[in-house]
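Since we're looking at a predicted model, the values are computed, not measured. Position 1 is the first residue of the sequence; numbering continues from there. Order of appearance sets the numbers: ligands from 1, and atoms from 1 within every ligand. Computed over heavy atoms, backbone and side chain alike; hydrogens, waters and symmetry mates excluded.
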Amino acid sequence: MLTTTPSDSHTWNLVFLGLLLTELGCRVVNVGPCPPGRLVVDFCLREAPDLIVVSSVNGHGAEDGVPLAHQLRAVPQLRTTPMVIGGKLGIEGRDVEAGRLEEAGFTRVLGEDVESLSRLVAAVKAGTAP
Ligand code: B12
């Protein structure tokens with residue numbers, strides 16, 4: 001499942017990640033820009049994804065990721081699904097507090113590191129993801 005945060009209208013990040021994940025052999029469902037949290041939950045319940053990838057680049061990801069993670073983790077079926085967030089999460093490349101996002105429920109906070117995402121996808125496929 002590929003998604004972004006409710007405030008984020010950027011789309012090329014989603015297009016890029018969709019292509020990358022497809023190249024890595026994933027079937028990708030892209031929820032699209034500015035999805036309300038409830039819509040992301042509904043998509044996840046319908047698709048039962050092996051991995052949820054949240055991308056945000058508008059600078060609000062570090063903040064908006066927290067309630068989104070809470071909303072997803074509140075659903076029993078999604079409590080243990082591997083879930084990562086990345087992109088330009090803070091403003092002007094400032095370090096973001098990964099701890100807050102992880103406490104909220106993200107398995108990993110990846111920033112812009114697509115290599116780490118590729119490794120995580122391989123781990124999910126191999127059944128060895130955290
Ligand atoms: C095009 C664009 C827009 C367009 C978007 C149109 C559209 N339909 O997509 C419009 C004009 C609407 C727009 C609006 C805004 N934008 Co804008 N936008 C851009 C711009 C110029 C290009 C983004 C893009 O398409 N990149 C191409 C994609 C492929 O790359 P990417 O998004 O960088 O993603 C890469 C990585 O981040 C990474 N990645 C992304 N997600 C994830 C997730 C994971 C898990 C991983 C591992 C990696 C990863 O992979 C990608 C490939 O390397 C950037 C500046 C720039 N040059 O990057 C600003 C930029 C993203 N915008 C910015 C801002 C501030 C805004 C606005 C808030 C401006 C405003 N005051 O209104 C609004 C926010 C709107 C909203 N509600 O979200 C800032 C964000 C600041 C920050 N995070 O530090 C940027 C960086 C410009 C800047 N330097 O200030 N924007």
Side-chain angles (χ1 to χ4, degrees):
M1 185 63 54
L2 174 61
T3 188
T4 179
T5 57
S7 76
D8 201 327
S9 71
H10 294 85
T11 49
W12 292 106
N13 49 323
L14 298 176
V15 171
F16 172 87
L17 289 169
L19 290 169
L20 175 73
L21 291 165
T22 302
E23 270 184 21
L24 294 172
C26 303
R27 185 176 74 84
V28 181
V29 176
N30 181 349
V31 185
C34 292
R38 183 66 231 177
L39 185 71
V40 181
V41 168
D42 287 348
F43 265 73
C44 287
L45 285 174
R46 197 183 71 198
E47 301 288 339
D50 298 318
L51 173 66
I52 302 169
V53 178
V54 180
S55 162
S56 179
V57 297
N58 70 356
H60 298 277
E63 292 299 321
D64 294 351
V66 171
L68 180 62
H70 285 150
Q71 207 169 349
L72 288 163
R73 290 306 192 204
V75 179
Q77 296 93 315
L78 304 175
R79 211 154 272 165
T80 59
T81 309
M83 182 165 82
V84 298
I85 186 167
K88 296 174 173 53
L89 296 176
I91 293 171
E92 294 298 338
R94 264 184 242 156
D95 284 345
V96 299
E97 278 185 58
R100 269 188 75 214
L101 290 160
E102 284 166 359
E103 264 168 39
F106 285 103
T107 319
R108 297 276 308 278
V109 179
L110 297 177
E112 299 188 84
D113 185 0
V114 292
E115 290 297 326
S116 292
L117 178 62
S118 303
R119 281 196 293 275
L120 183 76
V121 168
V124 169
K125 282 174 170 286
T128 58

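- Between the side chains of S7 and N58, at least one donor N or O sits under 3.5 Å from an acceptor N or O.
- Proximity of W12 to ligand 1, defined as any heavy-atom pair under 4.0 Å, is shared by backbone and side chain alike.
- In summary, the atoms of ligand 1 found under 4.0 Å from a heavy atom of D8, numbered by their order in the structure, are 78 (O).
- Nearest to atom 34 (O) of ligand 1 by heavy atom, out of I85, N13, L19, is N13.
- Only the backbone of S7 comes within 4.0 Å of ligand 1, counting heavy atoms alone; no side-chain atom from C-beta on gets that close.
- For ligand 1, the polar-atom distance check finds no N/O of V54 at less than 3.5 Å from any of the ligand's N/O atoms.
- Every salt bridge (charged side-chain N to carboxylate O under 4.0 Å, His left out) that R38 has, sequence neighbours left out, goes to D42.
- Annotation for V15: hydrophobic cluster partners, listed by chain and number, are W12, L19 (ILVMFWY side-chain heavy atoms under 4.5 Å, direct or chained).
- Between the side chain of R73 and the backbone N or O of L78, at least one donor-acceptor pair lies under 3.5 Å.
- Taking distance alone, with nitrogen or oxygen atoms compared against 3.5 Å, V57 approaches ligand 1 more closely than that limit.
- Note: an N/O pair closer than 3.5 Å links N58 and ligand 1 by distance alone.
- For ligand 1, the atoms closer than 4.0 angstrom to any heavy atom of I91 are 84 (O).
- The only option from D8, D64, N13, T4 that meets the side-chain hydrogen bond (donor to acceptor under 3.5 Å, both in side chains) definition with S56 turns out to be D8.
- Listed by atom number, the atoms of ligand 1 under 4.0 Å from L17 heavy atoms are 41 (N), 42 (C), 43 (C).
- Taking 4.5 Å as the limit, every side-chain heavy atom of T107 sits out of range of all side-chain heavy atoms of L120.
- Of the listed options G111, G90, S55, G90 places a heavy atom closest to atom 82 (C) of ligand 1.
- For the pair V84/V109, no side-chain contact is recorded, criterion being any heavy-atom separation below 4.5 Å from C-beta on.
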